[in-house]
Trainee: 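The structure that follows is given in the form of structure tokens.
Whatever order the structure lists ligands and atoms in, that order sets their numbers, starting from 1.
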Amino acid sequence: MRYQDVHHLSVSNPRFFWRQKMNLIKWFEEPKEILTRGPNGLYKWFEGGVLNTCYLALDYHVDHGRGRQVALYYDSASAHLKRSYTYRELRDEVAKFAGVLRNQGVEKGDRVIIYMPMVAEAVISMLACARLGAVHSVVFGGFAPHELAVRIDDAKPKLLITASCGLEFNRVIEYKPLVDAALDEAQFPPQKVIVFPRPQATATMVEGRDLDWHDLMHHAQPVDCVPVQATDPLYILYTSGTTGKPKGVVRDNGGHAVALKYSMKTVYNTNPGEVFWAASDVGWVVGHSYIVYGPLIHGCTTVLFEGKPVRTPDAGSFWRVIQDYGVAAFFTAPTAFRAIKKEDPDAHLRRQYDISTLRTLYLAGERLDPPTHEWLNQVLDVPIVDHWWQTETGWPIVANPMGLDPHRVKVGSATFAVPGFKVEVLDENGAPVAANETGNICLKLPLPPGCLPTLWNDEEGFRNSYLKSFEGYYHTADGGYLDEDGYLFVMGRTDDVINVAGHRLSTGEMEELIGAHAAVAECAVVGIDDELKGQVPIGLVVLKDGADKDEAAIEAELVDVIRNEIGAVAAFRKAIVVPRLPKTRSGKILRKTIRRLAVEEQIVVPPTIDDPAIIAEIRTALRKHRVGQYARLPLGDDDAEGM
Ligand code: COA
Ligand code: AMP
């Protein structure tokens, strides 16, 4: 069947389509319903189905002849360590660690927070939770204690699992002090903390609360998979919204397993037994779906890489990993290749490695900018697939369906809606716009299996964030257009979310934190285009009358606030004091105008602006602080006095 037919069937008769696809996985008990809509109006997939996601990822393969195949290669360029686990070895480790969790009282439905670097034990922890039917919530290691505390208070976990440290280039980041600070701040701290010790740092243990991973494993017995309902939650993954309160995206067990299994062939064109590598972090959705669950459920070998695209030890690290493990499908964010291109523009290092196993490169997490796409085309002779999705959907919404019916690539487009997703572009009134016209990208309900059924403990928030703006649709908060051939071009977020080096962050949250500073009257934080990271946040700050006007000191304090409260990943380095902010006559801050002023020579001043004279003031401030296009000015060629 051709793509068009498959897609048409999937959206015109989703029950029929997904009834067939549900047989891709092994159920303990088959679903009684394919798709139901509850009295609250929300959809559920595969009600009545009973399964276990850890069983599908590990035991199923051991029972069906893959016991000796490598399930996971762990490669730490940072720690100079390599290790592999066969399916049987990984199953045994996971079953034993599930025994550890059970000994600590963790049962089906309990939440467990995992705050870990890229070590195999992070994957083992996730799968052990899945084995018990416990709900894991992985928190990205780059987040500061406050962010961890906020997530702890929302999830109310029984247990937290961490490691003594993470490794960033050649720096050791001690995790335990961060965890201790988060637990001090949290109102609902877990009773126990399991610490995986790494040789690079020794954790200070709190007696009666903190437990050593190895001690516990020594005494534990393996446990079996606990059957769960298809609609039971597998995990919660918090993601940035428009405020300081992150959204707890819920993933169910049944829809998730079916969707990921389906995507591994349809989108990623991989077969069981092949090596699939997603160079991301287990703290992000890409890590959940395509380091851990997708490849393992499909019977692939996955790679867990602790390192960066550059300086671990050089810009050849990705090529080295592809060669060492015979990677067939590789997935990362465009920012990683921008970093490689900057250090090795002619890709000399690529020629030192045999990467002939690589069939396809997949990119997501942010827009694949045309210069990076073109550079990759010159460097590689495999298809380059841009694809678009979100934490909320859990798997690709729009992609070139490489395992179904590959299409001609249009640079700048993620290609077509993946079967299951009906993508439309709507104007502010909810009417479809014409081809090539930009609007709000929306997904017609019901969303396919694998997408979030709701937000954790926040059904109202789920409705308000995603379902309220356009009746009958899920609002993605991305803007873009469909061209005359139906190719989707995603142009960027329409809300206060930005994408910094593939990390999703909330400028709204940064504004809340900056606005709370004693000297600040009001502020605007915007994402400015950045050659390496895609976007970086900057703050424009208006001080209170009579506030201490030592601008450099205030800037340093605000940079510290964001680093200490959100984390280093926010890459917030500039807080610029300005006399006032550009606003509409009704008092709305013109953030888009600020963004444009930073990167465009000429901008159209919005007719609604209250005072056009302010444009020149902001431009001067951006120039003085060398933001965006002004960063390229030679030093001394501008009004840089007082910098
Ligand atoms: N634990 C602790 N700190 C972390 C961290 C972690 N897991 N991850 C990042 N950080 C810190 C970094 O050390 C850095 O701190 P610094 O400001 O003190 O130097 C800061 O957060 C920013 O990190 P990062 O965004 O990774 O920038 P970088 O300059 O260190 O590296 C890239 C830039 C492009 C090489 C890197 O961002 C990268 O490889 N990105 C790939 C994209 C990706 O994985 N996206 C996930 C979605 S697919
Ligand atoms: P996250 O939830 O962290 O995966 O971030 C999702 C957001 O990243 C989306 O809403 C988009 O804004 C952006 N994004 C992800 N993939 C792409 C892509 N291929 N093209 C453009 N934007 C993307």
Trainee: Go through ligand 2 atom by atom and flag the ones less than 4.0 Å from a non-hydrogen atom of His387.
Mentor: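 Close to His387: 16 (N), 18 (C), 19 (N).
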
Trainee: Measure from NZ or CZ of Arg83 to the centre of the six-membered ring of Tyr74 and say whether it is under 6.0 Å with the direction within 45° of the ring axis.
Mentor: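 Relative to the ring axis of Tyr74, which defines the angle, Arg83 lies outside at least one limit.
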
Trainee: Note the single closest protein heavy atom to atom 10 (N) of ligand 1, along with its residue, its atom name and the distance in Å.
Mentor: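 The answer is Glu168 OE1, 3.3 Å.
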
Trainee: Show which atoms of ligand 2 fall inside a sub-4.0 Å distance from at least one heavy-atom site of Asn499.
Mentor: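 Taking each heavy atom of Asn499 in turn, ligand 2 has 8 (O), 13 (C) under 4.0 Å.
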
Trainee: Flag Arg504 as yes when one of its N or O atoms lies below 3.5 Å from any N or O atom of ligand 2, and as no otherwise.
Mentor: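 In this structure, Arg504 places an N or O atom under 3.5 Å from an N or O of ligand 2.
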
Trainee: Backbone or side chain, does any N or O of Asp478 fall under 3.5 Å from an N or O of ligand 2?
Mentor: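 Yes.
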
Trainee: What is the nearest protein non-hydrogen atom to atom 40 (N) of ligand 1, stated with its residue, atom name and distance?
Mentor: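 So the nearest neighbour among protein heavy atoms is Thr335 CG2, 3.8 Å.
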
Trainee: Can you classify the ring geometry of Phe140 versus Phe143 as parallel (below 30°), tilted (30 to 60°) or perpendicular (above 60°)?
Mentor: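 Correct class here is perpendicular.
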
Trainee: Below the 3.5 angstrom mark, is there an N/O of Glu392, backbone or side chain, next to an N/O of ligand 2?
Mentor: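 No, since none of the N or O atoms of Glu392 sits under 3.5 Å from an N or O of ligand 2.
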
Trainee: At the 4.0 Å heavy-atom cut-off, does Pro309 count as touching ligand 1?
Mentor: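 In this structure, Pro309 qualifies as a contact of ligand 1 - some heavy atom is under 4.0 Å.
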
Trainee: Can you tell me which portion of Arg563 lies within the under-4.0 Å heavy-atom range of ligand 1? Options are side chain, backbone, both, or neither.
Mentor: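 It is the side chain that gets close, since no backbone atom is under 4.0 Å.
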
Trainee: Scan side-chain atoms only and decide if His298 and Tyr262 contain a donor-acceptor pair under the 3.5 Å cut-off.
Mentor: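 No pair is found: no donor N or O on one side chain lies under 3.5 Å from an acceptor on the other.
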
Trainee: Enumerate the atoms of ligand 2 whose separation from the nearest heavy atom of Asp386 is less than 4.0 angstrom.
Mentor: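 Contacts of ligand 2 toward Asp386, numbered from 1: 18 (C), 19 (N).
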
Trainee: By number and element, which atoms of ligand 1 are closer than 4.0 Å to a non-hydrogen atom of Ala501?
Mentor: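 Answer for ligand 1: 25 (O), 37 (O), 40 (N), 42 (C), 45 (N).
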
Trainee: Is it the side chain, the backbone, both or neither of Trp389 that has a heavy atom closer than 4.0 Å to ligand 2?
Mentor: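 Just the backbone.
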
Trainee: Indicate whether the side chain of Thr302 and that of Tyr290 have a donor and an acceptor atom separated by less than 3.5 Å.
Mentor: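 There is no such pair (donor and acceptor under 3.5 Å, judged by atom type) between the side chains of Thr302 and Tyr290.
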
Trainee: Under 4.0 Å from any heavy atom of Thr391, which atoms of ligand 2 are there?
Mentor: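 Checking each atom against Thr391, I get 1 (P), 2 (O), 3 (O), 4 (O).
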
Trainee: Checking side-chain contact (heavy atoms from CB on, under 4.5 Å) against Leu361, which of Phe331, Phe318, Phe330 comes through?
Mentor: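 Answer after filtering Phe331, Phe318, Phe330: Phe330.
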
Trainee: What part of His503, side chain from CB on, backbone N/CA/C/O, both or neither, has a heavy atom under 4.0 Å from ligand 1?
Mentor: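 It is the side chain that touches ligand 1; the backbone stays farther off.
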
Trainee: By number and element, which atoms of ligand 1 are closer than 4.0 Å to a non-hydrogen atom of Val286?
Mentor: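 In order of numbering, the contacting atoms are 48 (S).
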
Trainee: Which one of Ile441, Val423, Leu447 satisfies the side-chain contact (heavy atoms from CB on, under 4.5 Å) criterion with Ile397?
Mentor: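 The side-chain contact (heavy atoms from CB on, under 4.5 Å) with Ile397 is passed solely by Val423 among Ile441, Val423, Leu447.
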
Trainee: In this structure, does ligand 1 have an atom that sits under 4.0 Å from one of the heavy atoms of Arg573?
Mentor: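 So Arg573 counts as touching ligand 1.
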
Trainee: So do Pro448 and Trp395 actually touch side chain to side chain, heavy atoms under 4.5 Å?
Mentor: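 Of all side-chain heavy-atom pairs linking Pro448 with Trp395, at least one is under 4.5 Å.
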
Trainee: For ligand 2, which atoms sit closer than 4.0 Å to a heavy atom of Val490?
Mentor: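 Checking each atom against Val490, I get 21 (C), 22 (N).
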
Trainee: Determine, using heavy atoms of Ala414 and all atoms of ligand 2, whether some pair is separated by less than 4.0 Å.
Mentor: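 For ligand 2, residue contact (heavy atoms, under 4.0 Å) with Ala414 is absent.
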
Trainee: Measure the distances from the heavy atoms of Gly365 to every atom of ligand 1 and state whether one is below 4.0 angstrom.
Mentor: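 Under 4.0 Å: no for Gly365.
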
Trainee: Tell me the protein heavy atom at minimum distance from atom 31 (O) of ligand 1, and give that distance in Å.
Mentor: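 The closest one turns out to be Lys308 NZ, 4.0 Å.
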
Trainee: Between Arg171 and ligand 1, which residue portion shows a heavy-atom distance shorter than 4.0 Å: side chain, backbone, both, or neither?
Mentor: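 Side chain only; the backbone of Arg171 stays clear of ligand 1.
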
Trainee: Between Tyr362 and His387, how do the two ring planes meet: parallel, tilted or perpendicular, split at 30° and 60°?
Mentor: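 Correct class here is perpendicular.
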
Trainee: Does Phe140 come within less than 4.0 angstrom of ligand 1, counting non-hydrogen atoms of the residue?
Mentor: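 It does; at least one heavy atom falls under 4.0 Å.
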
Trainee: With a 4.0 Å heavy-atom cut-off (strictly under), which part of Val569 contacts ligand 1: side chain, backbone, both or neither?
Mentor: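 Both backbone and side chain of Val569 come within 4.0 Å of ligand 1.
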
Trainee: Do Arg367 and Phe489 form a cation-pi contact, if we require the NZ or CZ to be under 6.0 Å from the six-membered ring centre and within 45 degrees of the ring's axis?
Mentor: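 That pair does not qualify as a cation-pi contact.
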
Trainee: Do you see a protein non-hydrogen atom under 4.0 Å from atom 33 (C) of ligand 1?
Mentor: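 Under the 4.0 Å cut-off, atom 33 (C) of ligand 1 has no protein heavy-atom neighbours at all.
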
Trainee: Taking only heavy atoms of Tyr175, which atoms of ligand 1 are found under 4.0 Å from at least one of them?
Mentor: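 Near Tyr175, the atoms of ligand 1 are 1 (N), 7 (N).
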
Trainee: Got the closest protein heavy atom to atom 27 (O) of ligand 1, with its distance?
Mentor: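 Result for atom 27 (O) of ligand 1: Lys533 NZ, 3.1 Å.
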
Trainee: Output yes when the distance from some N or O of ligand 2 to some N or O of Gly365 is under 3.5 Å, and no in every other case.
Mentor: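 So ligand 2 has an N or O lying under 3.5 Å from an N or O of Gly365.
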
Trainee: Specify side chain, backbone, both or neither for Gln390, according to which of its non-hydrogen atoms lie closer than 4.0 Å to ligand 2.
Mentor: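 It is both parts that get close, each with some atom under 4.0 Å.
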
Trainee: Relative to ligand 1, is Glu343 under 4.0 angstrom through side chain, backbone, both or neither, heavy atoms considered?
Mentor: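 It is neither; nothing of Glu343 touches ligand 1.
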
Trainee: For the atom pair OG (Ser78) and CE (Met118), what is the distance rounded to the nearest 0.5 Å?
Mentor: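 With rounding to 0.5 Å, OG (Ser78) is 10.0 Å from CE (Met118).
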
Trainee: Pull out every atom of ligand 2 sitting under 4.0 Å from any heavy atom of Glu366, numbered as shown with elements.
Mentor: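 Counting from 1, the qualifying ligand atoms are 14 (N), 15 (C), 16 (N), 17 (C), 18 (C), 19 (N), 20 (N), 21 (C), 22 (N), 23 (C).
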
